[in-house]
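What follows is a set of notes on a single structure, which appears directly below.
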Amino acid sequence: MPKVVTRFPPSPTGYLHIGGARTALFNWLFARANGGEFVLRIEDTDQARSTPEMTQAIVDGMTWLGLDWDHGPYLQSDRTELYNQHIEKLLASGHAYYCDCTPEQVDAMREKARVDGTKPKYDGTCRSRNLGPGEGHVVRFKAPEGLCAWNDLVKGPMHMDYQEMVDDFVLRRSGGSPMYNLAVVVDDADMGVTHIIRGEDHLSNNPKQMALYNALGYPMPEFGHVPMIFGSDRKKLSKRHGAMSVMDYEKLGFLPEAMVNYLVRLGWGHGDQEVFSREELVKLFTAKGLNSSPSMFDLTKLTSVNAHYIKESPVDALVPLLARYLKDLGLSADDTLLAKIVPLYQPRATTMVEMAEQCAFFLMDDEQLEYDPQAVQKNLKPAAREILADVRTLLTGLDEFSEAALEGALHAFVEQRELKFGMIAQPVRVAITGRSFSPGLYETLAVLGKDKALRRMERALSLPQD
RNA sequence: GUCCCUAUCGUCUAGCCUGGCCCAGGACACUAGCCUUUCACGCUAGCGACGGGGGUUCAAAUCCCCCUGGGGACGCCA
C-alpha cells in the first residue's frame with residue numbers, strides 16, 4: 001500500500017474556524033495514525049477574495065492546535081503554470097473546450113432549467129463550436145455521462161449520476177486563472193494525496209472531481225465526507241454562533257488540548273471514551289469512528305472539557321499561560337508566585353481567563369483592591385469587624401505564615417472564643433480578597449503573604465459601614 | 001424547483017454493518033443529597049432518547065419500504 005497522504009486546503013478568505021479546524025484535525029490524525037504525511041495547501045485561486053493576512057491567520061490557528069504539516073504551505077497562486085499544462089492536456093484530448101458564452105447567457109440557461117424543473121446547468125452551446133482562445137473565452141470541461149460511484153470513507157457506498165451532478169463547468173476563467181475543481185484535482189494528484197477528508201458540502205463536487213481524475217488519467221484517491229457542524233439553532237455555524245476563528249477561543253482562555261479533544265469528539269467516537277491525549281488519538285483514530293450525521297457546536301461542553309484539562313495540566317504548563325492572560329488585565333507576577341496560585345485555581349477555573357480574573361486580587365496593590373459592596377455588607381458588620389480586628393492582632397504576632405501555622409493559630413482562636421469557624425472565615429476572606437468567595441482560607445492567606453494580608457485587613461476595618 | 005446527505009436523552013455519543021446480552025450504556029448540562037470555612041472540586045442518586053407508519057422475523061434501536069423533520073449542493077466562490 002502506498003504511503004498515506006492527506007491534506008488540508010483552506011481558502012484564505014477567512015479565519016480558521018471551528019469546522020475547518022475539525023476537518024484539518026481529522027486529516028492530520030488520519031495521516032499520523034497511518035504513518036503518512038500531511039500537506040497544507042492554501043487555495044487562493046480567487047485572488048479577489050484571498051488575502052495574505054488570512055493565510056497567516058490560518059497558519060497561526062493550525063500552529064496553536066498543534067497540527068503540524070510535512071509539506072507546504074503551498075500557494076495555488078504559485079502553481080498557475082501547472083494548472084495551465086493540465087488544461088492544455090484536457091483541451092488536446094477533447095475533454096475540454098473553449099466557450100464564449102457570457103455570464104448573462106449562462107444565467108439565462110440556468111434560469112430556464114430551473115423553470116423546467118431540472119438541475120440548472122450550462123447547456124453545452126459551445127461544445128461543438130471549436131472555438132480557440134480569445135478575449136472573454138473560458139475553458140469548460142466536457143461533462144461525462146453514466147454513473148459515478150465510490151466507497152466513501154464516512155458514508156459508505158455512494159453513487160451519483162454524472163448527468164445530474166456535473167455540467168460543463170468552467171476550468172479556467174476568462175481572466176486566465178484556474179478554478180477550484182481543476183486546481184484541487186491537479187494539486188491532489190501532483191502532491192500524491194491518497195485520502196481526502198472534507199466537509200459534506202463538497203459531496204456534490206465529488207463527481208466533478210472524479211470525472212477530472214478520469215479525464216486526466218490519475219489514480220483515484222479515497223474520499224470521506226464528514227457532516228457539517230451546526231450552531232445551537234441547527235443552522236450552519238456562522239459568526240452569530242461564535243464560529244469565530246479558533247484563535248478567538250484562545251483569547252477566551254481555552255487550552256488547545258481541550259479544543260482538540262472537544263473537536264475530535266464532535267463527529268468521531270471511540271466507544272465510551274471521552275478524554276483522549278494527542279498520542280492516544282494518533283493511536284486510535286480510524287475513519288470508521290467518523291459519524292455520518294451532523295452535530296451541534298456546544299460551548300458548554302467545550303467549557304467542561306477545558307475545565308478538565310485545566311485540572312489535569314501540570315502546574316508548570318499553566319504558569320506561563322496564566323501570565324499571558326494576566327497581562328491582558330494589566331497584571332504581572334513572577335513565576336514562583338504564579339506556581340503557588342495556579343494549583344488553587346485548577347479545580348475552580350473553567351477557562352484561563354476566569355483563572356486570571358479570579359486570582360487577580362493576589363496581585364493587585366492593596367489600595368487597588370475593590371471591595372464588593374454586597375460582600376462587605378453581609379460579612380463585615382460591626383460584630384464581624386470586632387472579630388476581624390482580633391484575628392488581625394493574632395496574625396500580627398504569627399511568625400510563620402504557612403498554611404499549617406495559620407490553620408493551627410486560627411483553630412485555636414476559634415476554640416478559645418467558642419466561635420464557629422465560619423464566623424471568622426468570611427470576614428477575613430472578604431477583607432483580604434474583596435469578595436465572598438475564594439480558595440481555602442489558609443492557602444489564600446499563605447500565598448498572599450503576611451504583609452498584604454495584614455494591610456488588607458486593616459483597610460477592611462476602615463471601610464465605610466454602608 | 002432538482003439532486004444529494006441525514007435521523008438514539010436538551011447536547012456530544014455507544015449500540016446498528018455481523019437482529020436476541022438494550023424495557024438502550026457513557027459524558028456534558030440540569031435536579032437532589034453528601035462533603036465543607038466561602039466558591040469550586042469530588043462522591044452518590046435522579047431526570048432524560050431509539051421521529052412516525054408499514055413490513056420481514058419466534059425476536060428490530062439494529063434489516064426493507066413510505067412519510068415527516070433537519071441539512072447541503074446546484075457560480076467565470078472554495
Side-chain angles (χ1 to χ4, degrees), chain A residues 9-14 43-46 48-50 76 99 101-103 106-107 110 113-122 136-140 152 154-156 158 160-161 164-165 167 169-175 177 179-181 183-184 198-207 225 227-228 230 232 234-236 262 265-275 288 291-305 307-308 311 344-350 358 375 379 410 414 420-426 428-430 433 435-442 444:
Chain A
S11 74
T13 54
E43 312 235 317
D44 59 349
T45 53
D46 186 357
R49 299 196 306 148
S50 302
Q76 286 190 324
C99 163
C101 295
T102 63
V106 178
D107 283 347
R110 294 211 166 87
R114 218 177 271 267
V115 170
D116 291 349
T118 60
K119 197 109 178 164
K121 55 205 278 195
Y122 176 71
H137 292 198
V138 299
V139 175
R140 286 185 182 277
D152 198 275
V154 178
K155 310 259 180 211
M158 296 282 301
M160 292 181 182
D161 193 340
E164 182 66 44
M165 302 305 294
D167 73 343
F169 60 92
V170 174
L171 298 174
R172 184 167 63 200
R173 298 178 177 90
S174 54
S177 60
M179 290 217 24
Y180 166 73
N181 280 300
V184 243
R198 66 209 331 185
E200 76 176 15
D201 49 339
H202 283 284
L203 216 36
S204 56
N205 279 325
N206 220 54
H225 293 88
M228 312 266 73
F230 298 149
S232 44
R234 285 212 164 273
K235 292 275 163 54
K236 196 176 177 179
Y262 175 72
R265 288 283 294 112
L266 206 56
W268 180 84
H270 184 262
D272 283 340
Q273 191 170 345
E274 298 285 347
V275 177
K288 202 168 183 239
N291 270 141
S292 54
S293 57
S295 44
M296 287 197 228
F297 182 78
D298 181 12
L299 188 62
T300 308
K301 178 94 175 225
L302 204 213
T303 305
S304 84
V305 174
H308 173 85
K311 283 185 195 74
L344 265 33
Y345 286 94
Q346 281 182 292
R348 283 167 238 270
T350 62
Q358 300 222 336
N379 298 294
L410 289 173
V414 166
K420 302 253 296 182
F421 191 78
M423 294 173 75
I424 70 162
Q426 282 308 83
V428 173
R429 190 185 313 279
V430 173
T433 71
R435 288 176 303 193
S436 58
F437 58 93
S438 80
L441 196 63
Y442 315 128
T444 306

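The model shown is predicted, which means the values in this text are computed figures rather than measured ones. All values below come from the heavy atoms of this structure, side chains included, with hydrogens, waters and symmetry mates left out. Note on naming: letters A, B, ... go to the chains in the order of the sequence lines (proteins, then strands), and numbering restarts at 1 for each one.
- In this structure, A:Thr444 and A:Tyr442 have side chains that are not in contact, with every pair of non-hydrogen atoms separated by 4.5 Å or more.
- Atom P of nucleotide B:C28 and atom CZ of A:Phe297 are separated by 18 Å, given to the nearest angstrom.
- The base-pairing partner of B:G1, taking Watson-Crick or G-U wobble contacts with both distances under 3.5 Å, is B:C74.
- Residue A:Thr45 places at least one side-chain N or O under 4.0 Å from the OP1 or OP2 atom of B:A78.
- In this structure, A:His202 does not pack face-to-face on the six-membered ring of B:G72, missing the 5.5 Å centre cutoff or the 30° plane limit.
- Contact between the side-chain N/O atoms of A:Arg198 and the OP1/OP2 oxygens of B:G72 is not found at any separation under 4.0 Å.
- With its glycosidic angle within 90° of 0, B:C41 is assigned syn.
- Residues passing the side chain to side chain contact (heavy atoms under 4.5 Å, CB included) test with A:Pro207, sequence neighbours excluded: A:Cys148, A:Met160, A:Tyr162, A:Met165, A:Val166.
- For B:G69, the paired nucleotide is B:U6, the pair qualifying as Watson-Crick or G-U wobble because both relevant distances are below 3.5 Å.
- Rounded to a whole angstrom, the distance from the C1' atom of B:A45 to that of B:U37 is 27 Å.
- Out of B:C28, B:G72, B:G75, the shortest distance to the side chain of A:Met179 is found at B:G75.
- Across B:G70 and B:U62, the matching C1' atoms stand 22 Å from one another, rounded to whole Å.
- For A:Arg110 and B:C3, the CZ to C1' distance is 15 Å, given to the nearest whole Å.
- Separating the C1' atom of B:C39 from that of B:A7 is a span of 42 Å, rounded to the nearest Å.
- Looking at A:Lys301, its side chain comes within 3.5 Å of the base of B:A27 through a donor and an acceptor atom.
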Please enumerate all protein N or O atoms sitting under 3.5 Å from an N or O of nucleotides 14-20 of chain B, with distances to 0.1 Å.
from: B:A14; atom 1: OP2; to: A:Asn291; atom 2: ND2; distance (Å): 3.4

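- Ranking B:G71, B:C76, B:C74 by closeness to the A:Lys119 side chain, first place goes to B:C74.
- In this entry B:A49 has no Watson-Crick or G-U wobble partner, no candidate having both defining distances under 3.5 Å.
- Pairing for B:C43 goes to B:G33, judged as Watson-Crick or G-U wobble with the two contacts each under 3.5 Å.
- Atom CZ in A:Arg172 sits about 15 Å away from atom P in B:A78, given to the nearest Å.
- Contact of the A:Ser50 side chain with the A:Pro12 side chain is registered, since non-hydrogen atoms from C-beta on lie closer than 4.5 Å.
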Any N/O pairs under 3.5 Å between the protein and nucleotides 38-43 of chain B? List them or say none.
from: B:U38; atom 1: O4'; to: A:Gln426; atom 2: OE1; distance (Å): 3.1
from: B:U38; atom 1: O2'; to: A:Ser436; atom 2: O; distance (Å): 2.9
from: B:U38; atom 1: N1; to: A:Arg429; atom 2: NH2; distance (Å): 3.3
from: B:U38; atom 1: O2; to: A:Ser438; atom 2: N; distance (Å): 2.7
from: B:U38; atom 1: O2; to: A:Ser438; atom 2: O; distance (Å): 3.0
from: B:U38; atom 1: N3; to: A:Arg429; atom 2: NH1; distance (Å): 3.1
from: B:U38; atom 1: N3; to: A:Ser438; atom 2: O; distance (Å): 2.5
from: B:U38; atom 1: O4; to: A:Gly440; atom 2: N; distance (Å): 3.2
from: B:C39; atom 1: O2; to: A:Arg348; atom 2: NH1; distance (Å): 2.8
from: B:C39; atom 1: N3; to: A:Arg348; atom 2: NH1; distance (Å): 2.4
from: B:A40; atom 1: O2'; to: A:Pro347; atom 2: O; distance (Å): 3.0

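- Heavy atoms of A:Val170 sit under 4.0 angstrom from primed sugar atoms or phosphate atoms, though from no base atom.
- Taking the side chain as every heavy atom from C-beta outward, A:Arg172 and A:Met179 never approach each other to under 4.5 Å.
- Of the charged side-chain nitrogens involved, at least one lies within less than 4.0 Å of a carboxylate oxygen, so that A:Arg110 and A:Asp167 count as a salt-bridged pair.
- Ring geometry, A:Tyr180 versus A:His202: the interplanar angle falls from 30° to 60°, so the pair is classed tilted.
- Contact between the side-chain N/O atoms of A:Ser295 and the OP1/OP2 oxygens of B:U13 is found at a separation under 4.0 Å.
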Give me the distances for all protein-to-nucleotides 49-53 of chain B N/O pairs that come in under 3.5 Å?
none

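- Contact of A:Asn181 with B:A78 (side chain to base): no donor-acceptor pair of N or O atoms is detected under 3.5 Å.
- Applying the salt bridge (charged side-chain N to carboxylate O under 4.0 Å, His left out) rule to A:Asp116 yields the partners A:Lys112; only residues at least two apart in sequence or on another chain are considered.
- Using a 4.5 Å heavy-atom cutoff, the side chains of A:Leu410 and A:Ile424 are in contact.
- A:Val138 places a side-chain heavy atom less than 4.5 Å from the side chain of A:Cys99.
- Legend: residues meeting ring pair (Phe, Tyr, Trp, His ring centres under 6.0 Å) with A:Tyr345, ordered by chain and number and at least two apart, are absent.
- Comparing B:C17 with B:A78, their P atoms are spaced 42 Å from each other, to the whole Å.
- The minimum heavy-atom distance linking A:Ser295 with A:Gly267 is given by the pair OG-N, 4.4 Å.
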Tabulate atom names and distances for all N/O pairs under 3.5 angstrom spanning the protein and nucleotides 4-6 of chain B.
from: B:C5; atom 1: O2'; to: A:Lys155; atom 2: NZ; distance (Å): 2.6
from: B:C5; atom 1: O2'; to: A:Glu200; atom 2: OE1; distance (Å): 3.0

Is there any protein nitrogen or oxygen under 3.5 Å from a nitrogen or oxygen in nucleotides 61-69 of chain B, and what are the pairs?
none

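- In this structure, the side-chain hydrogen bond (donor to acceptor under 3.5 Å, both in side chains) partners of A:Ser438, at least two apart in sequence or on a different chain, are A:Arg429.
- If you check B:C21 for Watson-Crick or wobble pairing at under 3.5 angstrom, you find it has no partner at all.
- Legend: residues meeting ring pair (Phe, Tyr, Trp, His ring centres under 6.0 Å) with A:Tyr122, ordered by chain and number and at least two apart, are absent.
- The side chain to side chain contact (heavy atoms under 4.5 Å, CB included) with A:Asn206 is formed by just one residue from the set A:Glu200, A:Met158, A:His225; it is A:His225.
- Under the Watson-Crick or G-U wobble criterion, with both distances below 3.5 Å, B:U62 has no partner in any strand shown.
- Between A:Arg173 and B:G75 there is no side-chain N or O to OP1 or OP2 distance below 4.0 Å.
- Between the side chain of A:Asp152 and the main chain of A:Val154, a donor-acceptor pair closer than 3.5 Å is present.
- Every residue two or more places apart in sequence or in another chain was checked for a side-chain hydrogen bond (donor to acceptor under 3.5 Å, both in side chains) with A:Glu164, and none qualifies.
- Remark: side-chain polar atoms of A:Glu43 are not paired, donor with acceptor, to backbone N or O of A:Gln76 under 3.5 angstrom.
- A side-chain donor-acceptor contact under 3.5 Å links A:Arg435 to the backbone of A:Gln358.
- Between B:C43 and B:A49, the two P atoms lie 25 Å apart (nearest whole Å).
- Ranking B:G26, B:C76, B:U11 by closeness to the A:Glu274 side chain, first place goes to B:G26.
- The salt bridge (charged side-chain N to carboxylate O under 4.0 Å, His left out) check on A:Arg265 picks up A:Glu274, with sequence neighbours excluded.
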